[in-house]
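A quick write-up on the structure given underneath.
Just so it is clear, the model here is predicted, and its values are computed rather than measured. One is the number of the first residue; the rest follow in order along the sequence. Note that ligands are numbered from 1 as they come in the structure, with each ligand's atoms numbered from 1 the same way.
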Amino acid sequence: MVSSTFVVVLIGVVARASAQTHAHQHHRRETSHGEGNFVTFPPSFAFGVGTSAWQIEGNGGDRPRSVWDAFVSELGEEKRVEAERGIGFHELYATDAQMMADAGVKHFKMSLSWPRLMRADGSAIDEGFEYYQNVFGALRERGVEPHVTLFHWDTPMWCCANETIASARGGVCEGAWVKDEIVKDFERYADAVFSRLGKGIKYWTTISEPKTVAEMGYGAGLHAPGRRSVEEQLKVGHNMLRAHALAVALYREKYSQFGGKLSINLNSAWVEPASDSPEDVGAAANAMDEELGWFADPIYKGDYPASMRARLGSFLPEFTEEERVLVKGSVDYFALNHYTSYFVKHVADTRASSQLGLSGKPQPWEITLESEKSKKPIGKEAQSDWLHIVPWGLEKVLLHIKDRYDDPAIMISENGVDIAERGDIAETLDDTTRVKFIDAYLGAAREAMRKGANVVGYFYWSMFDNVEWVDGRSKRFGLVYVDYDGKYGEAMKRYPKKSLEHFSSYMRGEHAEEPALGAARVRHSLDDSFVRVDSKRQGEIFALQGMALTIACVYAAAAAFAGGVKIVEQDERDERSSLV
Ligand code: GBH
C-alpha cells in the first residue's frame, strides 16, 4: 500500500518540476542575449566564491605576523604596506558579506589566520576567535555558508626557529614546516578551532595547496618563507600530509557530532603529453604523478606514487605504518584547485634537460607550452604568465581523478583567471574574458560530469581582487574590482565587474536543470551530493517511482474530481532555493 503522504509528496514533486520548467523558460528568455553562453547543471550543484585570510584581511586588530608578512617586507616597503592593508576585509567584512549576499553567494570559501588565533605557547587568542565568530555571523545571517580552510600559507612567525630575518638564501624563517613539532602545533590549532568554531561549519579543508607551499616556499624560494632546499621541500610536503591527517583524525574522534565534511585543497594543472609518442605519454604520466599524485596518492592509496619513489629514492620520506593508516582515507571529498595546463615532453638525455625536478637534479621531461604536433600554444595566456586558458584540461583532470582515486565526490575548490587593470574603470569592469573563461571551464566540468565524474560544486577564485602574494595588487583575479588607493573615489571601494553579474546567475540557480523524475535520488542540495547511489539500486528505485507516480496521478485525478483537494501541501519553495 502506498501511503497518502507519499502520494502528496509525489504530487508535490510533479508540481514543482513543472513550476520549475516555467521559471526556466523565463530565465532563458532573460539571459539568452548578451555575452554569456550559460551551461546548465543539476540542481544540487553548488556554486561559490573563494578568498584567503592573508590576501584580504590585512593586519587589522594587530594581528601577529606570519611568514608572508616577513617575506614581502623583504621585497620592499610597497609590498609590506600592501600586505598590511589587504583589501581591508578585517574591517569591511559585514559590507562585504552583504555584497556577496546581494550577488547570490551561498557558499563562501575563506581561510582562518593561524597567527590571529594561537600563541606560541599553545594558548588561544580570544579576540581572534571573536572576530571569526563575527564574520561567520555576518555571513550566516545573510544566508552565506562559510567553507573554512584552516591554513592558506600564513604560518605564524612563532613557528620559526629564528624570529629575525635570515639571509636571502635562508629565507625569513627556519624550521616551521620542516620540523616535526609543527605537526603537533597544527593539531593543537585545529583542536582549538574545531572546539570554538566547529559547530555549524559543514565544510572544512585543512591545508590549501601543500604542493605550492613545499615547492614554491621551500624548494624554489619564490614564496614565503623563501627557502631553497630540495630536502626541505619533500619533508615539508610530508609534514603537511601528517598535519592534515592528524587534524582530520581529531575531528572524526572528537567533533563528529558537528557533522562537518573535511578535505585538503590539492592544486593540480593538467599535464598533456606533447605528442602521441610512448615516451611523451610516459613522461606526462610521471609528471602528473608529481603534480597531483604526490599528495593525492598517499591520501587515497596510502603511499607516494611508485614513479616518485623510483626517481627520488631516499629524498622522499617514508610514512610509518601508523601514519600510513592515518593519512589514507583522510578526506570526505576531493577538493581540487585547478587553473591551467601544460605539455610535457620526454627528454632522452637528462643532462640536456634545462628543468630541475623535485630532487634538484635535471629531470627526464620538460614542460612546454606548445604541442609537438600542431606547434600551437596550449591556450591563451592570462595576466599571469603561468596561467594559460585551457578549459579541456579541467575535463581531463576531473576524469583522471575519477579513474585514479575511486570516483570521489569532487569539489572544484578554486578556479579563476586574472586580467590586468585597463585604461579606466569602465574598461576594467568590462571583463568579457573572465565571463567567457567561467562559461568555458564550467562547460568542461559539465562535460566531465556527463562522462561520469561526480563533481559536486565549483568555487570561482576570487570573489574580490586581492593581494596576490608576491605580485601584490598587480594581479587581479576578482569578480569585484578593489580600488586600493581610491583612484575613482573612496580608497578600498569595491566595484562589481561584469563577471560578477554573470556568475551570479549561476549562483542564483538560474541554470539548474530540471531533475529527471526517474532519477533514483534527486539531489536537492550540496549535502545530498555526497550520497552514492549504485546503479542497480537506481534501476529499482526508478521502477518503484514510476509505479508510485501512476498511482499518484490516479489518486489525484480522483481527488480533484471528488471536489478539489488542494494538491500541493508540500513545501512550495522553488526547488532551487535550497540547492545553491
Ligand atoms: C592559487 O594557487 C592560490 O591558492 C591563491 O591563493 C592565489 O591567489 C591563486 O592561485 C592565484 O595565483 O610563479 O610561475 O612558478 C594556484 C596554484 C601554484 C599557481 C604556484 C601559481 C606558481 C607559478 N599556483 N604557481 S610560478
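Every residue meeting the salt bridge (Lys or Arg N to Asp or Glu O under 4.0 Å) condition with Asp485, not counting sequence neighbours, appears here in chain and number order: Arg473. For the salt bridge (Lys or Arg N to Asp or Glu O under 4.0 Å) test, residues two or more places apart in sequence or in another chain that qualify with Arg63 are Asp69. Qualifying salt bridge (Lys or Arg N to Asp or Glu O under 4.0 Å) partners for Lys475, counting only residues two or more places apart in sequence or in other chains: Asp471.
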At less than 3.5 Å, what protein N or O atoms come close to the N or O atoms of ligand 1? Include the distances to 0.1 Å.
unit_1, atom_1, unit_2, atom_2, d
ligand 1, 2 (O), Glu209, OE1, 2.9
ligand 1, 2 (O), Glu209, OE2, 3.0
ligand 1, 4 (O), His152, NE2, 3.3
ligand 1, 4 (O), Glu209, OE2, 3.3
ligand 1, 4 (O), Glu414, OE1, 3.0
ligand 1, 4 (O), Glu414, OE2, 3.2
ligand 1, 6 (O), Gln55, OE1, 2.9
ligand 1, 6 (O), His152, NE2, 3.0
ligand 1, 6 (O), Trp469, NE1, 2.9
ligand 1, 8 (O), Gln55, NE2, 2.9
ligand 1, 8 (O), Trp461, NE1, 3.0
ligand 1, 8 (O), Glu468, OE1, 2.7
ligand 1, 8 (O), Glu468, OE2, 3.4
ligand 1, 12 (O), Glu468, OE2, 2.5

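Separation of the Phe71 and Trp153 ring centroids does not fall under the 6.0 Å cut-off.
To the nearest 0.5 Å, the span separating CZ on Arg494 from OH on Tyr481 amounts to 12.0 Å.
The heavy-atom pair separating Leu234 from Trp294 by the smallest distance is CD2-CZ2, 3.9 Å.
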